[in-house]
Each structure stands twice: as structure tokens, then as C-alpha cells.
Amino acid sequence: QVQLVESGGGLVQPGGSLRLSCAASGSIFSINVMGWYRQTPGKQRELVAQIISGGSTNYADSVKGRFTISRDNAKNTVYLQMNSLKPEDTAVYYCYAEVRYTSWNNRNYAHWGQGTQVTVSS
């Protein structure tokens, strides 16, 4: 099927930067939406940022001006550049993709990565 593999998480001091990457592989005809969600213990998973295939983007208010999402359609990869990180950005970050498998079935199927931990602490 389809696998999403994330990388780039880790420990960073407040004010620092990290770049997350997520590569999709498998039975892929096209990917409509790619994005990043995050989750902390006891809370619901929340949208951080998403990017549509044409390039339009959407961000959570809490990360606007600090995070930038981008994608390389040729590589089926999405990136999240995170700058000016704050302790409240600490969470497990999950990659998300809506994948179309074939040219004759235009339905999109949701897939998630395994998650990568981002910890912002001094």
C-alpha cells in the first residue's frame, strides 16, 4: 500500500529551529493534500499545517509566521520548517497524506505516518 516515513524530530532549545520531512511511497498515482498534525498527551490531534497539490497552504494560528510547509511533488515529500520554536510546540508530529492510488479511481485515501517527537526545552 502506502507508507509515510517521517524524519527530523528531536530536542531543541526555545528559539531554535527544526525541519521535519515526510516521504510517501507505495501505490501512489497522486497526492492531493499533505500536512502535519501534532498531539500531546491527553489532547486531540490538531492540524499544524497543510498544503494542497497546487501549492495553497493553511496554518494553525499558533504557528503562523514561524512554521513553513512545502512539498516536492516529484519526490512525494512534504517538509515542515519550524523556526522560533516554543516549549508549547512540544508534541508528537504526524505526517498526513490523501492519496489517490490509480488513474481510474478518483477517490482519495487518508494515510498517517508513525509520528516523530519534537521537544522544545532548555
Enquirer: Could you give the distance from SG (Cys22) to CD (Gln3), rounded to the nearest 0.5 Å?
Expert: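 It is 11.0 Å, given to the nearest 0.5 Å.
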Enquirer: Rounded to the nearest 0.5 Å, what separation is found between the NZ atom of Lys75 and the OG atom of Ser25?
Expert: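 One gets 14.5 Å once the value is rounded to the nearest 0.5 Å.
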Enquirer: Between Ser21 and Tyr79, which heavy-atom pair has the shortest distance, and what is it?
Expert: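 In this case the closest contact between Ser21 and Tyr79 is OG-CD2, 3.3 Å.
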Enquirer: Nearest 0.5 Å please: distance from the CG atom of Asn108 over to the OH atom of Tyr101.
Expert: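 Answer rounded to 0.5 Å: 10.0 Å.
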Enquirer: Nearest 0.5 Å, please: how far is CD in Glu46 from OH in Tyr37?
Expert: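 If I round to the nearest 0.5 Å, the distance is 10.5 Å.
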Enquirer: Mind running side chain to side chain contact (heavy atoms under 4.5 Å, CB included) on Cys95 and Trp112 for me, showing each step along the way?
Expert: CA-CA 6 Å; Cys95 176; Trp112 293 90; over 6 Å; no
Enquirer: List the atom of Arg38, the atom of Asp89, and the distance in Å for their closest heavy-atom pair.
Expert: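 Of all heavy-atom pairs spanning Arg38 and Asp89, the closest is NH1-OD1, 3.0 Å.
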Enquirer: So do Leu11 and Ser121 actually touch side chain to side chain, heavy atoms under 4.5 Å?
Expert: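 A side-chain contact exists here, since the closest heavy-atom pair is under 4.5 Å.
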Enquirer: Let me confirm one number: the OH-OG1 distance from Tyr94 to Thr116, rounded to the nearest 0.5 Å.
Expert: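 One gets 10.0 Å once the value is rounded to the nearest 0.5 Å.
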Enquirer: Whether the side chain of Tyr59 engages the backbone of Ile69 through a donor-acceptor N/O pair (distance < 3.5 Å, no angle test) should be reported.
Expert: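 Looks like yes, one N/O pair under 3.5 Å.
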Enquirer: Mind checking whether Ile28 and Ile51 sit in one hydrophobic cluster, side chains of I, L, V, M, F, W, Y counted as touching below 4.5 Å?
Expert: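 Looking at the clustering, Ile51 is in the same group as Ile28.
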Enquirer: Could you give me the CA-CA distance, side-chain angles and deciding distance for Met82 and Leu20, then say whether side chain to side chain contact (heavy atoms under 4.5 Å, CB included) is met?
Expert: CA-CA 8 Å; Met82 304 185 293; Leu20 305 183; 3.7 Å; yes
Enquirer: So do Tyr96 and Leu4 actually touch side chain to side chain, heavy atoms under 4.5 Å?
Expert: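 No. Closest side-chain heavy atoms not under 4.5 Å.
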Enquirer: How about Leu18 and Phe67: do any of their side-chain heavy atoms sit closer than 4.5 Å?
Expert: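 Not touching, per the 4.5 Å side-chain cut-off.
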Enquirer: Do you reckon Val5 sits in the same ILVMFWY cluster as Leu80, going by side-chain contacts under 4.5 Å, direct or chained?
Expert: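 No, it is not one cluster - the side chains of Val5 and Leu80 are not joined through contacts under 4.5 Å.
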Enquirer: Is any side-chain heavy atom of Leu47 closer than 4.5 Å to a side-chain heavy atom of Asn58?
Expert: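 A side-chain contact exists here, since the closest heavy-atom pair is under 4.5 Å.
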Enquirer: Give me the atom names and distance for the closest heavy-atom approach of Lys86 to Val120.
Expert: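 For Lys86 and Val120, the tightest heavy-atom pair comes out as O-CB, 3.2 Å.
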Enquirer: With a 3.5 Å distance limit and no angle check, can you tell me whether Thr40 reaches the backbone of Ala91 through a side-chain donor-acceptor pair?
Expert: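 No; judged by distance alone, with no hydrogens or angles, the pair does not exist.
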Enquirer: Would the number of heavy atoms belonging to other residues, nucleotides or ligands and lying under 6.0 Å from CD of Gln44 be above 12?
Expert: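 No, the 6.0 Å shell around CD holds no more than 12 heavy atoms from other groups.
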Enquirer: CZ of Arg19 to CG of Asn83: how many Å apart, nearest 0.5 Å?
Expert: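 So the gap between those two atoms works out to 11.0 Å.
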Enquirer: Minimum heavy-atom separation for Pro14 to Ser122, with atom names?
Expert: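 Looks like CD-N, 3.7 Å.
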Enquirer: What are the two closest heavy atoms between Ile52 and Arg71, and how far apart are they?
Expert: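 Closest pair (atom of Ile52, atom of Arg71, distance): C-NH1, 3.4 Å.
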Enquirer: Quick one: does Asn32's side chain get under 4.5 Å of Arg100's, heavy atoms only?
Expert: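 No, side chains not in contact.
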Enquirer: Give a yes or no on whether Tyr109 and Ile31 share a hydrophobic cluster (residues Ile, Leu, Val, Met, Phe, Trp, Tyr; joining criterion: side-chain heavy atoms under 4.5 Å apart).
Expert: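 Shared cluster, yes.
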Enquirer: Kindly give the heavy-atom pair with the smallest separation between Met34 and Asn76, and that separation in Å.
Expert: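 That closest heavy-atom pairing would be CE-O, 3.8 Å.
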Enquirer: So, Glu6 side chain and Gln114 main chain: donor-acceptor pair closer than 3.5 Å or not?
Expert: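 Flag set: sc Glu6 to bb Gln114 pair under 3.5 Å.
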